[in-house]
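Chain letters run A, B, ... following the sequence lines, proteins first, then strands; residues in each count from 1. Hydrogens, waters and symmetry mates are skipped; everything else that's a heavy atom, side chains included, is used.
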Amino acid sequence: MDILSSLNDAQREAARHIDGAMLILAGAGSGKTLTITTRLAYLIGEVGIDPLNTLTLTFTNKAATEMKLRALNLIRSSQPSANPLLCTFHKFGLLFLKLYMRELNRANNFVIIDIDDKKKIIKEFENSIATNIVSNEISRYKNMLLSPEEIISSSVIPAFIGGRANYEKIAKAYKSYEEYLVANNLVDFDDLLCLTYRILDSNPNLCNQISNRYKYITIDEYQDTNELQYKLLRKLCQAHENVVVVGDDDQSIYGWRGAKIENILNFKDQFSSVKVVRLEENYRSSSNILNAANELIDHNRNRLGKKLISTKKDNKDIEILQNSDEESEAKIISARIAKLINDGEHPTQIAILYRINALSRALEEGLIANGVPYKIVGGIKFYERAEIKDIISYLRLILNPHDDFSLERIINRPKRGLGKVGFNKLSEFAFNNKISLYEAILRMDEGLLGKKVFTALNELARDITELREAEPKDLIFELENKFGLKEFYKQSPEGDDRLLNIDEFYGSINQKIENNPDFSLEEFLNDITLQSDQDRISEDAISIMSVHASKGLEFEHVFIIGLEEGFFPLISDECDIEEERRLGYVAITRAKSDLVLSSSNFRIYRGKKSNLERSRFLSEAGLISGKLRIESTKEFRRGDLIKHKIFGIGRVLEVTQIKSDFKLKINFGGNIKEIMSGFVEKV
DNA sequence: TAGAAGCAGATTTTT
DNA sequence: TCTGCTTCTA
């Protein structure tokens, strides 16, 4: 029982659980990963359960990879070759569909498309409604397991769609989209789950067989599961109820994306004799930080209830910064961080969090001005970059030249002189002859598109054919040699970045090929679509990111900016204040020892300047009064020349401080006005 | 065909 | 204010 010795009582109780349903309520920083991995190691190493009978599902690749590594480490000595299935929900769907796609009369060499691909396809069919709305609706329908036909006959129309006519357009687009996916053998992210569910649902025997195989199921981040994932779980545990779900209802922040917090809130009633374990001892943050987090989240009604208890000794005051505007906020925080780094703190231990990405701009300017290296976490993902997706498309074509979707993407990249009109001609030719675009290129007449384009396209087709014969070790070299993507992207505006990305990608593929004697291009291509890049956090830079992107991370020093009513909590028509509060809770609990909460009197957003009130979360967390500290860099002096949007240029006659801001008496060419400093700028 | 100009729209985004 | 998409022109 050696491996259980590093756990506290609650953790140990959770880790020793074997049969039946259990809910582990794991507060922020409470050793959740340790508990899950120790339990898995305990089941396999001590109880003697076959690793192949376990299934552990997570939401991110990062979590899956880390957990697998840690679990295997614990059982390395006794079971060196154990290989429990520990992966994301979507990867599980992918593995399942590879085996059972034929149940739906579809081939298993499908290609997974990402959200951009999805939108591109939708646009072919529906252009009068915002693609985002159509895309989200399709997602919603799929997750409700509703077919296009069922949507058309439904009478419940969501208000934001704008009436029956639009609803029918969306339903039609959904139908065309589905047909396109099937025709091109594509699957989207939602399909990985809903097709898996459909197959299990219509094959009770298969479902039973699968359920009997995965006798011990663990689900991580259960608060983020949606209805479909719950249903899938039901199928997977149909032959037993050995289900351990781990999560924190207070950290449910993806409700707007279909996650159902009810899944975790109601788990106790949905499974029989559920044991509940609360992990409340926090190993991350100081007690001041935890007190603030506890007080804040206590304002939520819809929760199971738990309190984080600090195990740490040191305890700094939480600091409240009140700034005149976003520039001054950025300046103060940047200067502060520059000093921290100067004093020897490692940049990776510092993070700035915001509720909306738009707040990063002023911040970045301040950081640059102070020479603070920073990295934006969760911006455009590596595999979503155009240059990377182009290479992926070429690779897909090498695997399957009849992949029209990929060919369309790169047919004019690098430029081959083929425009929209020309492409339509080629596409029509392919359609009429019921052949792929690749075959159409080989069979078309030279006159169809003109000699130049004809030659260029034939060369493309020939190159692809030739690359199919290439040795894996020469693949990348030959690919670049034939298509010259580096040369092509060198000329684009962000050429340098793109070249670096291409080199990184080429390098990583070559490394995989080198390290793996039976490298499979197909497997590689499927996996990278499911890959995000949260784990690419930089070595020598501070991190700046949205609160959502910060989930699961921790830093010694955390600055939360934009704590103003309207921004955080973000107020909108369909806003859920409890989810906003949970976001506040997630943000605060990222900090280990040092937390600074910052707000501004004024902020320019979407070109408009607004006067803002401090976030209610500051008082709800019990942080306002006494500890308030006022700072402002935007100082005005008598005699300063200033500019006002309406009154123009004027000269400051008098400065009066009011709370954290300044009231200025200004002379605009004889016209004397009293104006708050936020409305004017120094010239 | 491809770059330039004009215009609407704009949270958060694990896969 | 800024971006990304459609429309216009060489």
Side-chain angles (χ1 to χ4, degrees), chain A residues 57-64 87-94 112-116 118-120 123 127 130-133 135-136 139 142-143 187-194 220-226 228-229 247 251-259 326 353-362 377-381 383-384 412 415-423 449-450 452-453 493 526-535 545-553 562 566-576 579-580 582-584 586-587 603-609:
Chain A
L57 295 178
T58 64
F59 273 83
T60 65
N61 290 296
K62 194 183 165 203
C87 62
T88 64
F89 264 100
H90 290 83
K91 172 86 185 194
F92 178 78
L94 167 65
I112 305 168
I113 58 166
D114 69 13
I115 189 80
D116 287 331
K118 179 183 178 186
K119 287 180 186 168
K120 237 167 78 186
K123 267 190 202 147
N127 226 330
T131 313
N132 262 333
I133 293 182
S135 170
N136 288 340
S139 232
K142 285 194 178 189
N143 278 288
V187 302
D188 63 19
F189 288 144
D190 300 317
D191 286 338
L192 291 173
L193 302 182
C194 71
D220 185 28
E221 305 281 16
Y222 193 64
Q223 76 282 351
D224 291 333
T225 50
N226 65 19
L228 178 57
Q229 283 156 339
Q251 292 188 69
S252 162
I253 55 174
Y254 285 100
W256 52 276
R257 245 179 137 237
E326 73 264 33
L353 311 182
Y354 34 77
R355 173 67 239 269
I356 52 174
N357 289 131
L359 297 201
S360 76
R361 190 164 300 136
V377 179
I380 307 173
K381 293 180 185 116
Y383 293 113
E384 285 169 11
N412 201 34
K415 296 215 160 69
R416 298 187 173 92
L418 183 75
K420 210 175 172 182
V421 180
F423 179 77
L449 300 169
K452 233 177 109 189
V453 178
N526 273 323
D527 276 349
I528 55 179
T529 315
L530 297 180
Q531 213 100 94
S532 76
D533 55 357
Q534 231 203 355
D535 36 13
M545 69 192 104
S546 70
V547 178
H548 283 91
S550 77
K551 198 171 138 204
L553 305 176
F567 281 100
F568 198 177
L570 185 71
I571 308 292
S572 68
D573 334 332
E574 66 236 69
C575 87
D576 172 353
E579 183 151 319
E580 291 297 315
R582 292 193 289 270
L583 272 163
V586 168
R603 197 175 286 286
I604 297 172
Y605 180 57
R606 290 196 198 164
K608 275 201 197 120
K609 187 166 198 162

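OP1 and OP2 of B:dT11 both lie 4.0 Å or more from every side-chain N or O belonging to A:N357. For B:dT13, the OP1/OP2 oxygens have a side-chain nitrogen or oxygen of A:S546 closer than 4.0 Å.
Listed by chain and number, the residues in a ring pair (Phe, Tyr, Trp, His ring centres under 6.0 Å) with A:F189 amount to none (sequence neighbours excluded). For A:Y605, the ring pair (Phe, Tyr, Trp, His ring centres under 6.0 Å) partners two or more places apart in sequence, or in a different chain, are A:F567. With sequence neighbours excluded, no residue forms a ring pair (Phe, Tyr, Trp, His ring centres under 6.0 Å) with A:Y354. Shown here are the salt bridge (Lys or Arg N to Asp or Glu O under 4.0 Å) partners of A:E326, two or more places apart in sequence or in another chain: there are none. Take A:K142 and apply the salt bridge (Lys or Arg N to Asp or Glu O under 4.0 Å) test, not counting sequence neighbours, and it matches A:E178, A:D188, A:D191.
Taking atom CG of residue A:N61 and atom C1' of nucleotide B:dT15, one finds them 8 Å apart after rounding to whole Å. Protein atom CD1 of A:I253 is 17 Å distant from nucleotide atom P of B:dT11, rounded to whole Å. When the C1' atom of B:dT15 is taken as reference, atom CG of A:D220 falls 14 Å away, rounded to whole Å. In this structure, the CD atom of A:E580 is 9 Å from the C1' atom of B:dT11, given to the nearest Å. Spacing between atom CD of A:E221 and atom P of B:dT15 amounts to 11 Å, rounded to whole angstrom units. Note: CG (A:D116) to C1' (B:dT13) measures 12 Å, nearest angstrom.
Nucleic acid contact class of A:K420 (heavy atoms, under 4.0 Å, all strands): sugar-phosphate only. Note on A:G422: only backbone sugar-phosphate atoms sit closer than 4.0 angstrom, heavy atoms only; bases stay farther off. Contacts of A:V547 with the nucleic acid, taken as non-hydrogen atoms under 4.0 Å apart, are absent.
Checking each of A:N61, A:T58, A:D527 against A:K91 for a side-chain hydrogen bond (donor to acceptor under 3.5 Å, both in side chains) leaves exactly one that passes, namely A:D527. The side-chain contact (heavy atoms from CB on, under 4.5 Å) test with A:F89 singles out one residue from A:T225, A:D220, A:L228, and that residue is A:T225.
B:dT13 and C:dG4: their P atoms are spaced 15 Å apart (whole Å).
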For a quick check, with a 4.0 angstrom heavy-atom cut-off, what is the B/S/- contact string for nucleotides 2-10 of chain B, read 5' to 3'?
SS------B
